[in-house]
Amino acid sequence: MNHFTTIFRKEFTDTIRDRRTLFFMVIFPLFLVPLLLTVITKLQTSSMHKAEEKILRVGLVTNGNAAELVTELRQSRGLRTTEGIPADSAYAFITRDSLDAFIVVARDFDTAVSQMRAGTISLYFKSSEDYDMVKRRLTATIDQFEKSLTAARFARLHLDQSIVNAVRLEEHDVASAKERFGKAVGGMIPYFFVIFCFMGAMYPAIDLAAGEKERGTMETLLTAPVTRFQILLGKFAVVVLAGILSAGMSLLGVYVAVQQVKEIPQELMQLIMGILDVQTIILVLSLLLPLTVFFAAVLLSLSIFSKSYKEAQSLISPLSIVIILPVLVGVMPGIELDWVTAMIPVLNVSLATKEIIAGTIKPLLLAEVYITLFVLASFSLWGCAKWFEREETIFRGA
Amino acid sequence: MITVEHLTKTFNVSRQQRRDMSPGYSGSTVDAVRDISFTCNPGRVFTLLGPNGAGKTTTLRLIATMLRPTSGSITVGGVDVARHPVDARKRMGFLTGNTGLYDRLTPDEMVKYYADLHGMEARTYSRRRDELFTLLGIHDFAKRRIGKLSTGMKQKVSIARTIIHDPEVVVFDEPTAALDVITSRSIIQLIKDCRTQNKTVIFSTHRMGEVSLLSDDLCIIHRGSLIFNGGYADFQSRMQTASVEDEFVRLVEAA
């Protein structure tokens, strides 16, 4: 067995026996993420249903106007109207949560309507609660009332309602459903796997370098008849594998979560399953490998520099924010993969994944992303190897 | 055999280290070891004695190829450690007071790992492993995780790990520093066994009891320089004080 295999096997065994690493590498992405996603989605859906079905307490001041609207509101099953409260108390009642909304019909409403002017209806509500459902439900009723008034006006004037439409816009969206979905949601996929790739690689990197230094095992390992590069390569391969495993688990976790959420419409589900074809998955994973090598090199370099596990953690933890930022930028609308963004690490993976999922990736830009990532990965691995050779780094503070 | 000739090791000093050093020190480098020479012969125990920070660990790390000499040379079994570090390491075993074991491996896995790194053949390894595990009484806990073992058990595994490849040179860096008297005994016995087996043994310590118990040859190092280098019997014959400890203190203070 060659030395690389020996070191890799030992480091891998050691790593998967570490509960903390195992948790971040497998348990967290595979079980907790789907669990959290499912629970959050179900809670959100349930609270939206509740908001939709909630009986709204509505204060009503009509001043004897808008009889049709008042009848509609009174008969509405989801509303309980209260009359007799002065209009100037509307704000106080809603703030105190004694009422959900307050409708005040202007004194001259009927006169204004009869004179072909606009009558005023004031709606008081709190937009910060119940997904703004109070406003949506009441405006639906008021809109219906307005439509009937408008229709009556047109009838009175013997006019066809269509005369108000000077332009009829016919929209023809040539983007396929896959493209629309890819551009809209595709950016979320790297959000999961890039972060988990980093987190999954983080703990093995800390344990296999700073942890070894702290426990005193690095010193004895350096007296074994192997080169430092062989030692580094064995550790490096385990860190890369941990990152890829973690990212893979997170994707699997998201897939499982999507399957669990029954609220996703059938058509959308079919679209998602259609997008996850072998070619897409292979392309996305091929971006992940050089990115993980880059992460592993950075993480191991910092870990090698650290004197203890704690120091490595304090050096590495802030890096996760640096990783999240470009992923977030990639999710923002208007940021596209071009020859400049293709050279920005992490962001290029995020944008390229979006394009791959949408099926709109340009081969030249994808090649640029690959070249950038491979150059970066090779350079960072070379730097890490040089760093590991330095006595000042290995025996820092010893 | 270990031959050290005119060995010097210079370290760069960081701003923080400069602050921690003696007041008034303004240099950017420090000589941890300065122009030292000695020879360790097979079948003899060579003791490196010195106060904390004297340069003992640096010297042993240079011999074990963990550090590269700034100048001078070291040969282990005739192999130049600077030119052929991997070949030199094949001939060496290295043991410190810190057991240097992986808590999540079993003794079996730990020893096998080092045997594989030393390129031992399966049959040779199997024979040697059985021999050592019987000698040290490791069989009973060979399949348990090292993290669950007592300090004494760990030290036995550490010994097996150090000598599994039957090295001709064994380097001990303050091997008993963190151990209790009972556990230290296994190390003392190992050093004696190595001598009997005609191995070259170099060990550093600041425990005077171990010096008189084990030393055939003695080097006293202070502030990176040797202040005594010779046979232990010679050292005893030149003593101007009543005990080894007093003589050591006298020499250090006079230096």
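Numbers restart at 1 for each chain; the letters A, B, ... are given by sequence-line order, proteins then strands.
- For L67(B), the parts sitting under 4.5 Å from any heavy atom of chain A are the backbone and the side chain alike.
- In this structure, the portions of Y113(B) lying under 4.5 Å from any heavy atom of chain A include both its backbone and its side chain.
- Contact check on R61(B) versus E219(A) returns a salt bridge, with a Lys/Arg side-chain nitrogen under 4.0 Å from an Asp/Glu carboxylate oxygen.
- Proximity to chain B at a heavy-atom threshold of 4.5 Å picks out R17(A), D18(A) from residues 17-24 of chain A, in numerical order.
- Smallest separation of non-hydrogen atoms from T223(A) and A64(B): CG2-CB, 3.9 Å.
- Without hydrogens or angle criteria, E392(A) side chain to N12(B) main chain gives no donor-acceptor distance under 3.5 Å.
- Residue-level contacts of residues 143-161 of chain B with chain A, in order of numbering, are R145(B), R161(B); threshold 4.5 Å between heavy atoms.
- Contact annotation for M66(B): both backbone and side-chain heavy atoms come within less than 4.5 Å of a heavy atom of chain A.
- Within residues 73-89 of chain B, the residues having any heavy atom under 4.5 Å from a heavy atom of chain A are, by residue number, V86(B), R89(B).
- A distance-only check finds a donor-acceptor pair linking the side chain of Y114(B) to the backbone of L221(A) [under 3.5 Å].
- Side-chain N or O atoms of N98(B) include one that pairs as donor or acceptor with a backbone N or O of R215(A) at under 3.5 Å.
- Looking only at distances, a side-chain donor or acceptor of H3(A) sits under 3.5 Å from a matching main-chain atom of L117(B).
- Contacts of residues 226-250 of chain A with chain B at a heavy-atom distance below 4.5 Å involve V226(A), T227(A), R228(A), listed in sequence order.
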